[in-house]
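As structure tokens, the structure follows; a few thoughts come after it.
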Amino acid sequence: MTTPPAPPPAAGSAGAPVSRAEYCVIACAEAWRGDGEVLASPMGLIPSLGARLAKRTFSPDLLLTDGEAMLVGPAGEVEGWLPYRRHLTMVTGGRRHVMMGAGQIDRFGNQNISCIGAWERPDRQLLGVRGAPVNTLNNPVSYWVPRHSTRVFVERVDMVSGVGYDRAEAAGVTRYHRLPRVVSDLGVFDFTGPDRSMRLVSVHPGVTVEQVLAATAFAPAVADEVPCTREPTGEELRLIREVIDPRGLREREVRG
């Protein structure tokens, strides 16, 4: 298992090298590549920047919302109305792609955002199950993890909120179930390993495969050579830095 030498950092506005946060934005944007006209539902800063970047570049047909009932353009301008009944139709028909967080996630993509510890007497209360089961069984769901560690990437989640491939298969509910990718501050993963388990797709420049494995409580599938996450284009960097996130909020969420 080797990581090829990272290419020299690309330069964008004012010649600044690409930051880890910007690689994460690019990796999140790639989750929506080729989705066509679906409702993008990013949850959190980096996924939101990624969705807006995707719409401005290689996925112009993505539908974005204001989080309530309006469809909005890349700059937040109102483009249409999305009544709740239409929203539910898209959710239950696979026409939505969510990217959400994970307090814990295992090798098959089972996700926990409810509690840490035994459900009967948890050590910590998190958000609660929320809409994770419905999301994962009815439309594609990707995940964003800003702090990759063995506390998040676990052998077994303490409680299942989002449904992974093993449980979806066992329950026979696979028609719309799809987990395209997991993006962390260390790398990118999909579920093309044995039995639909997690596979390391790429590491962000400056990160090694060994670092990823040390921060993961299970052994993901790893190829003999793992590439680096792709470089952003000059135009993508300009959009991130000057248009989508000119205040640089991304750097507060991802360090490195």
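All values below were derived from every heavy atom in this structure, side-chain atoms included, with hydrogens, water molecules and symmetry-related copies excluded. The structure displayed is predicted, hence computed values, not measured ones.
- Identified under the ring-ring contact (aromatic ring centres under 6.0 Å, His included) test for residues 182-218, with sequence neighbours left out: H148-F189, F153-F189, Y165-F191.
- Using modelled atom types and a 3.5 Å distance limit, the side chains of S142 and R181 yield no donor-acceptor pair.
- The two residues H177 and V163 have their closest heavy-atom pair at NE2-O, 2.8 Å.
- F58 belongs to no hydrophobic cluster with other residues, because no ILVMFWY side-chain heavy atom falls under 4.5 Å from its own, directly or through intermediates.
- Scored by the side chain to side chain contact (heavy atoms under 4.5 Å, CB included) test, L126 finds I116, R124 as partners (sequence neighbours excluded).
- Side chain to side chain, N112 and S114 fail the donor-acceptor criterion of an N or O pair below 3.5 Å.
- In this structure, OG in S197 is found 10.5 Å from CG in D106, a value given to the nearest 0.5 Å.
- For D158 against Q104, the heavy-atom pair with the smallest separation is N-OE1, 2.8 Å.
- A distance of 13.0 Å separates CZ in R52 from CG in L62, rounded to the nearest 0.5 Å.
- Here ring-ring contact (aromatic ring centres under 6.0 Å, His included) pairs that include residues 106-144, with residues two or more places apart or in two chains, number zero.
- For R175, the CZ atom sits in a loose shell: 12 or fewer heavy atoms of surrounding residues, nucleotides or ligands are nearer than 6.0 Å.
- For the pair E236/R241, no side-chain contact is recorded, criterion being any heavy-atom separation below 4.5 Å from C-beta on.
- When every heavy atom of I46 is checked against every heavy atom of A21, the shortest pair comes out as CD1-O, 4.5 Å.
- The nearest pair of heavy atoms linking I113 to A132 is CD1-CB, 4.3 Å.
- Within 6.0 Å of CD on E37 lie no more than 12 heavy atoms contributed by other residues, nucleotides or ligands.
- Here the closest heavy-atom approach between residue C28 and residue M99 is recorded as SG-SD, 3.6 Å.
- Sorted pairs that involve residues 232-256 and meet ring-ring contact (aromatic ring centres under 6.0 Å, His included), not counting sequence neighbours, are lacking altogether.
- Looking at every heavy atom in both residues, V254 comes nearest to R147 through CA-NH1, 4.2 Å.
- Residue pairs meeting the ring-ring contact (aromatic ring centres under 6.0 Å, His included) criterion with at least one partner in residues 24-54, sequence neighbours excluded, are W32-H97.
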